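Okay, so here's the structure we're looking at.
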Amino acid sequence: MKVGFIGLGIMGKPMAKNLLKAGYQVCVNDFHKEAVEELVVAGATAGANNAEVAKGVDVVITMVPNSPNVRAALLGENGVAEGADKDTVVIDMSSIDPVESKKIAAELKERTGMEMLDCPVSGGEPKAIDGTLSIMCGGKKEVFDKYTDLLKAMGSSVVYVGEIGSGNVAKLANQMVVAANIGICAEAMTFAKKMGTDPELVYQAIRGGLAGSTVMDAKVPMMLAGNYKPGFRIDLHIKDLNNALNASHAINMPVPMTAHMMEVMQELKNHDEGSCDHDDIIRYYERMTGVSIVKEKSFFIDLRGKCYEYRFYQGRYRSYYYSY
Ligand code: NAD
């Protein structure tokens with residue numbers, strides 16, 4: 001099977017490499033020519049533009065940032081629609097607004113007769129490299145059945161969710177849960193610290209109970225270590241929450257928790273932290289309370305029933321007093 005692959009960023013590059021490893025013939029394109037070169041060295045061919053990538057292939061995969069990028073790659077100048085055969089199928093694996101996904105699929109069908117699936121992913125760069133992404137799929141079931149094996153070369157969980165747009169509905173639901181979950185983990189750990197209790201021990205005490213989650217285990221240790229290296233950038237999470245707000249408002253559904261997390265993330269962006277990992281939400285709480293949970297940045301001194309905590313905050317140690 002011949003595959004066209006458009007978008008060789010953090011996620012697309014390892015995904016395309018996994019297709020090569022699985023024996024597929026892959027033709028690639030990206031604006032970043034170093035990424036294209038890297039794939040050519042790994043065994044791919046390169047198209048001069050997206051129309052060329054789509055020529056003579058069975059399926060074209062797109063892995064670009066957002067809805068306007070998908071629209072440009074498929075329907076824009078020198079886009080897939082200009083080069084593809086009507087039997088070529090498009091699998092968009094980007095995380096985009098499901099309403100836009102439906103519109104793009106309908107326009108593609110009307111212009112070219114081509115079918116489209118929306119199959120966004122969860123798992124981030126490490127799982128893209130391992131080929132163990134979770135892939136959520138929308139579109140015609142018979143088209144999905146035909147390309148399940150191809151998707152399994154990039155993911156360990158491939159689930160059919162429903163008609164076109166459903167894959168992105170599942171992805172947005174995922175992003176809503178993750179945002180709120182990180183937010184409450186940050187809030188609870190800051191609460192523990194401000195109460196004078198070690199947040200790391202609180203985390204150890206609660207992670208095996210009902211409050212425990214994959215998010216808690218992935219993000220609380222990062223917060224305790226003061227590690228904000230992405231991972232998943234705040235800017236991309238803002239993009240996803242924006243899509244979730246647009247999609248829910250299109251059906252007149254209020255999403256108050258999602259809206260709240262969007263505003264928290266806007267505060268982070270306002271502090272030039274858009275490129276940080278989304279565990280950076282802890283710094284919103286740090287600014288609000290003056291308390292940092294970062295381990296190395298604070299120490300306690302106990303003097304006859306009076307506890308002083310010294311915290312490194314905004315460039316210097318400050319002392320805080322607790323009596324008990
Ligand atoms: P990225 O910004 O690293 O890569 C996107 C690539 O697409 C860029 O290299 C860009 O040059 C290319 N591109 C954009 N428009 C193009 C066009 N018209 N033609 C050719 N190339 C084009 O983004 P990423 O982190 O790889 O994310 C891609 C998608 O996957 C996003 O929708 C994101 O939300 C989603 N996602 C990302 C992660 C993650 O951890 N990074 C996890 C799950 C899902």
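The first residue of the sequence shown is numbered 1, and numbering continues consecutively from there. Whatever order the structure lists ligands and atoms in, that order sets their numbers, starting from 1. As the structure is a prediction and not an experimental result, all values here were calculated from the model. When reading the values below, keep in mind they use all heavy atoms of this one structure, side chains included, and skip hydrogens, waters and symmetry mates.
Minimum heavy-atom separation, V255 to S248: CG2-OG, 3.3 Å. Taking each heavy atom of A192 and P199 in turn, the nearest pair found is CB-CA, 4.2 Å. Scanning both residues, L39 and A16, for their nearest heavy atoms gives CD1-CB, 3.7 Å. For the pair C119 and I91, the tightest heavy-atom approach, listed with the atom from each and the gap, is SG-CG2, 3.7 Å.
Close approach to V121 involves these atoms of ligand 1, each under 4.0 Å from a residue heavy atom: 43 (C), 44 (C). Ligand 1 places these atoms under 4.0 Å from at least one heavy atom of I6: 19 (N), 20 (C). Here is the list of ligand 1 atoms found below 4.0 Å of a heavy atom in G124: 40 (O), 42 (C). Within ligand 1, counting atoms from 1 as listed, the ones closer than 4.0 Å to a heavy atom of H32 are 9 (O), 11 (O).
Not a single N or O atom of N66, backbone or side chain, sits closer than 3.5 Å to an N or O atom of ligand 1. The shortest N or O to N or O distance between S122 and ligand 1 is not below 3.5 Å. Taking any N or O of L236, backbone or side chain, none lies under 3.5 Å from an N or O belonging to ligand 1.
Within the 4.5 Å cutoff, side-chain heavy atoms of I61 are placed close to those of L19. Side-chain contact between P221 and Y203 is present, with at least one heavy-atom pair separated by less than 4.5 Å. In this structure, the side chains of E52 and N29 stay at 4.5 Å or more apart for every pair of heavy atoms.
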Item to check | Steps toward side chain to side chain donor-acceptor pair (under 3.5 Å) verdict (N66, N243) | outcome: CA-CA 9 Å; N66 202 2; N243 285 339; 3.2 Å; yes

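Across M11, K239, K33, H278, heavy-atom proximity to atom 33 (C) of ligand 1 is greatest for K239.
Judged by the shortest distance from any of its heavy atoms, M93 lies outside the 4.0 Å radius around the atoms of ligand 1. Contact between P65 and ligand 1 is present, with at least one heavy atom of the residue lying under 4.0 Å from the ligand. Ligand 1 lies within reach of K171, whose nearest heavy atom is under 4.0 Å from it.
Partner of I281 under the side chain to side chain contact (heavy atoms under 4.5 Å, CB included) criterion, out of M265, M223, H237: M265 alone.
Of the protein's heavy atoms, F31 CE1, 3.3 Å lies nearest to atom 16 (C) of ligand 1. When only non-hydrogen protein atoms are considered, atom 35 (C) of ligand 1 lies nearest to S95 OG, 3.5 Å. Shortest contact from atom 12 (C) of ligand 1 to any protein heavy atom: D30 OD2, 3.2 Å.
For the pair K141 and Y160, the cation-pi test (distance below 6.0 Å, angle within 45°) is passed.
Protein non-hydrogen atoms do not reach within 4.0 Å of atom 23 (O) of ligand 1.
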